[in-house]
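All remarks here apply to the structure that follows.
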Amino acid sequence: MADKTPFSIVGKPLPKVDAWAKCAGETIYADDLNLPRMLYGKLLRSPHPHAIIKRMDTRRARALPGVHAVITGEDLPIKFGILPVSQDEEALAREKVRYIGDPVAAVAAVDEETAEEALKLIDVEYEPLPAITSIDEALAQSENRIHEYNKVGNIQKAVALEFGDVEEGFAEADYIREDIFFYQGSTHLPMEQHAAVAAYGPDGKLTLWSSTQTPHYVHRALAKVLEMPPSHIRVIATPVGGGFGGKSDPFSHEIVAAKLSMLTGRPVKITLTREEVFYAHRGRHPVLMWVKTGVKRDGAITAMHFKTFLDGGAYGSYGVASTYYTGALQTVTYKIPRYKFEGMRVFTNKPPCGPKRGHGTPQPRYALEVHLDKIAEDLGLDPVDMRRRHLVDENSLTVNWLRITTCSLKACIDKVIEASGFRQKFRRLPFGKGVGFACSSYLSGAGLPIYWNHMPHSGVQIKIDRGGGVAVFCGSIDIGQGSDSILAYVVAEILGIRPEDIRVVTADTDLTPVDLGSYSSRVTVMTGNAAMEAAEKLKDLLLTVAGEKLEVPKNRLVAVDRRIFDAEDPERSISFVEAVQLAEARFGTLGSVGSYKPPESPGKYKGSGVGPSPSYSYTACVAQVDVDPETGLVTVEKIWIAHDIGRSINPLLVEGQVEGSVYMGLGEALMEEQVFRKGLHKIPSMLEYKSPTTLEMCDVETFIIEKPDPHGPFGAKEVGQGPLLPVPPAVANAVYDAVGVRIDEVPITPEKVLKALEAKARGEDGRYGPSRIPDVAFPAPTTVDVPPEWQPAIVAEGTS
Amino acid sequence: MDKQLITLRVNGEVHELAIPVHKTLLEVLREDLHLTGTKHGCELGECGTCTVLVDGQPVLSCLALAVEWQHRDIVTVEGLADGPRPHPLQQAFAELGAAQCGYCIPGTLLTAKALLDHNPRPTRQEIKEALSGNLCRCTGYIKIIEAVERAAQRMAAQTAFAESAAR
Ligand code: FES
Ligand code: FES
């Protein structure tokens, strides 16, 4: 890319600030911590998917030499959970267990072996209850309740929203199509197993180091469950060895480690085994979906009705938000003038589902993009042109009141269509080879915090040393996406220094201002904006003294390469360090703060909290596949993907996020699934849970599309999650192009492809996928007035 | 618990240790020698994260008993750099952003080193095959493979330079 920007750091492919430590093995992850006198904790987990705890006896375990503490649910009776509406978890289950792996007791001992030995000596008597393992069972067994706090049966949440009159919209349609899809659940499988170390001191203060994406929320949960003032608790998030959403909840092992340390007066470490990581889960919800869309002859959508059924697992986690997310972002890609969404999450006796990369949106995106592909074929339209003609407008409101700022999806589409040779290949390749197309959009950070408050979502503090060293403090946690580096790049760009002149101090509730966490693709936009504000304040002080010294008006000064100079006469300059010392002499100790809060959302209806974002990223994708009709095996040969990032702060990091997202989307499209038999996890190991290796990973050609967004730092939008979304539907559409069968259920396994091919050979529908949705009533929808531009009269003009 | 006195040579340094016989090399490296650069993702031989080199060959340290690897030449990620100078693989991984969360990187670096030591000019397919046992959840492997290629080129150029200088 030719260098047309006025920046010296932003947009450059610089190494990450932590790259050297990570490549030297020097980065200290949570399990690498080793404190003097440290004990090891272990959790006893339920062997039953659903059972009442009749009795528990820990005496034999306590008597084992080397055991320092044994605790049960009675020691931690206060419930917690990530969302205020579903405080339904106990650190150790008290009355009943709800999935295989639900923790019931814990031990601290001198080493892991002794702790494991002690677990075997804890006697628990269970009274098994019938296990609920599917959406159908959850709905059918409404008397066999997993929780008591939800209103009906095992339905945790049912939502219904209607924007404009969809029936009216369907009446205007030339063509209406309905489809049903299923998206299987999958797990994050971070390479690092979750780990936490707690240290409680004689001063009554607690420190917890944990591999968490959300230290601030863990801080709150610890204060609540341990009944301690937050000011006496310090949470330090250690560099996270892979999160993808799986380390975004406060977890049992974090609270238990803290409690064990408080009881023993010694540091306690708990590291989950790989099997336990599968139980901790919070992964992709399995979602059953029904969609009905009305279109004009040219493919313009007149109305859409979307229903989702989420298999939530045993606890709430982020589930209420996930439910809304399965219905929120359908509208931000193509114009949808009338929209109705009904979503339902049920409890089942399986590990709780939660947010996985794309949180609640890859499932409906898959359904939507395959559904549109079918509609295009039914109408004899080109699937690319049909989508491209009806994209959302920039600076507009969607029918469900989401504010679109910039949208470069058209440019993304054109890029991948041209680069892939789609037009020469589509419906023209030999049998067994095919190409498929899909688009998507995702949010650049949630517009609202998880708990209601008016405070900033992100804060940054900067201090400058007399020697020119700059320290940046922020609560954000680097989970591999490069958030530490983004802070350094942004501050370096503004102050005119190098990222290596900056020390970044992050994710420590004692030392750093709050950042809500590494979730919802919010970090670059929110910490970036906060860092800009803080850095601009300091820059102003430096330019003031530099201007005085050089006798040049402030607005003519430029700060680059550790110097401040006159733009009209670059010879007139002083060094950054000199400016720092002058500024400190003049103003006193140099420091500043910046904070960021997203713009207020225009939507004011109940449920409008999920979906708003400062900006949306856009992605277009073409997949090319080879399908072996003999074995049903699908090989993805190549993915072309273009992502509208607004501005790329570091193209290397952007490409890395795109490639990683494609990889994860590919895994979900082809092989990854969490499956259970009688509540028992069939595959709690990395060998059995199939994920792509170097050999299954396809070639990826990435295009970064830049058009600065007014809400992003230097115009940046998100990239961590959005590029996953179009991959599964593009692959499914390519499979259809290759062999003429529709696989309406991911993962697209060889077995499903073969079944569909066999059905087709028999003259039946060449399709594999669900054929029905549960016959269950949703509440009457909340009807929401549509924004002015979607008022009926205006819509009619627009589509005529 | 039965303990045995053993001698391990790690990154060129000799260590004498009294350890339980069932302790894995992974545990001894991390817990007894505090070389925590070696990571673990499963401790069942499934992910490659714990890879170290023994006499130049990649070995899953979670499956290896420390007592069985005495007097062999063990190299961990901490032994990869030449003093303050990063190994060309470390250099290339850092430059290309091949380490995202970084957790799989020590094992991947060592597997890649074994490859390049035996096959200085690997094809892309040979790199993929060599690294197929090192799972990475972040990168989609693309930047990792590119970094191995870049390091291979540089190392080959250095060797060629050294040879021509010696002549
Ligand atoms: S820790 Fe996974 S292979 Fe050794
Ligand atoms: S960089 Fe995170 S697992 Fe490879």
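Per chain, numbering begins at 1; letters A, B, ... match sequence-line order. Just so you know, these numbers come straight off a predicted model, no measurement behind them.
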* **Minimal non-hydrogen separation, A/Leu652 against B/Lys143, with atom names** => O-CE, 3.6 Å
* Looking only at heavy atoms, what is the nearest atom pair of A/Tyr29 and B/Gly102, with distance? -> OH-C, 3.2 Å
Check: [Y] main-chain N/O paired with [X] side-chain donor or acceptor under 3.5 Å:
{"X": "B/Thr36", "Y": "A/Asp32", "value": "no"}
{"X": "B/Tyr141", "Y": "A/Pro692", "value": "yes"}
{"X": "A/Lys22", "Y": "B/Tyr103", "value": "no"}
{"X": "B/Glu46", "Y": "A/Met686", "value": "yes"}
{"X": "A/Lys16", "Y": "B/Ala99", "value": "yes"}

Please examine the side chains of [Y] and [X], heavy atoms only from C-beta on, and report whether any two atoms are closer than 4.5 Å.
{"X": "A/Thr693", "Y": "B/Lys128", "result": "no"}
{"X": "B/Glu31", "Y": "A/Asp111", "result": "no"}
{"X": "A/Asn34", "Y": "B/His34", "result": "yes"}
{"X": "B/His40", "Y": "A/Glu192", "result": "no"}
{"X": "A/Ser691", "Y": "B/Leu135", "result": "yes"}
{"X": "A/Glu113", "Y": "B/His22", "result": "yes"}
{"X": "B/Ile142", "Y": "A/Val700", "result": "yes"}

Rounded distance [0.5 Å steps], [atom1] in [X] versus [atom2] in [Y]:
{"X": "B/Cys47", "Y": "A/Met191", "atom1": "SG", "atom2": "CE", "result": "4.5 Å"}
{"X": "A/Met664", "Y": "B/Arg137", "atom1": "CE", "atom2": "CZ", "result": "4.0 Å"}
{"X": "B/Gln125", "Y": "A/Thr694", "atom1": "CD", "atom2": "OG1", "result": "8.5 Å"}

* Inspect the surroundings of CZ in B/Arg121 and state if more than 12 heavy atoms from other residues, nucleotides or ligands are less than 6.0 Å away. => no
* Asked: Checking salt bridge (charged side-chain N to carboxylate O under 4.0 Å, His left out) for the pair A/Asp31/B/Arg30: CA distance, chi angles, key distance, verdict?
  -> CA-CA 10 Å; A/Asp31 187 51; B/Arg30 287 178 55 83; 3.0 Å; yes
* **Option that, when pairs with chain A are counted at under 4.5 Å, heavy atom only, ranks first among B/Pro106, B/Gly97, B/Ser132, B/Gly37** => B/Ser132
* Taking every heavy-atom pair that is under 4.5 Å apart, which of B/Leu131, B/Val77, B/Leu89, B/Thr49 has the most such pairs with chain A? -> B/Val77
* From the options B/Glu95, B/Gln91, B/Gln90, select the one residue that forms a side-chain contact (heavy atoms from CB on, under 4.5 Å) with A/Cys23. => B/Gln90
* Choice from A/Gly667, A/Gly242, A/Gly25, A/Pro190 maximising heavy atom contacts with chain B below 4.5 Å -> A/Gly25
* Basic-acidic side-chain contact under 4.0 Å: A/Arg274, B/Glu43 -> no
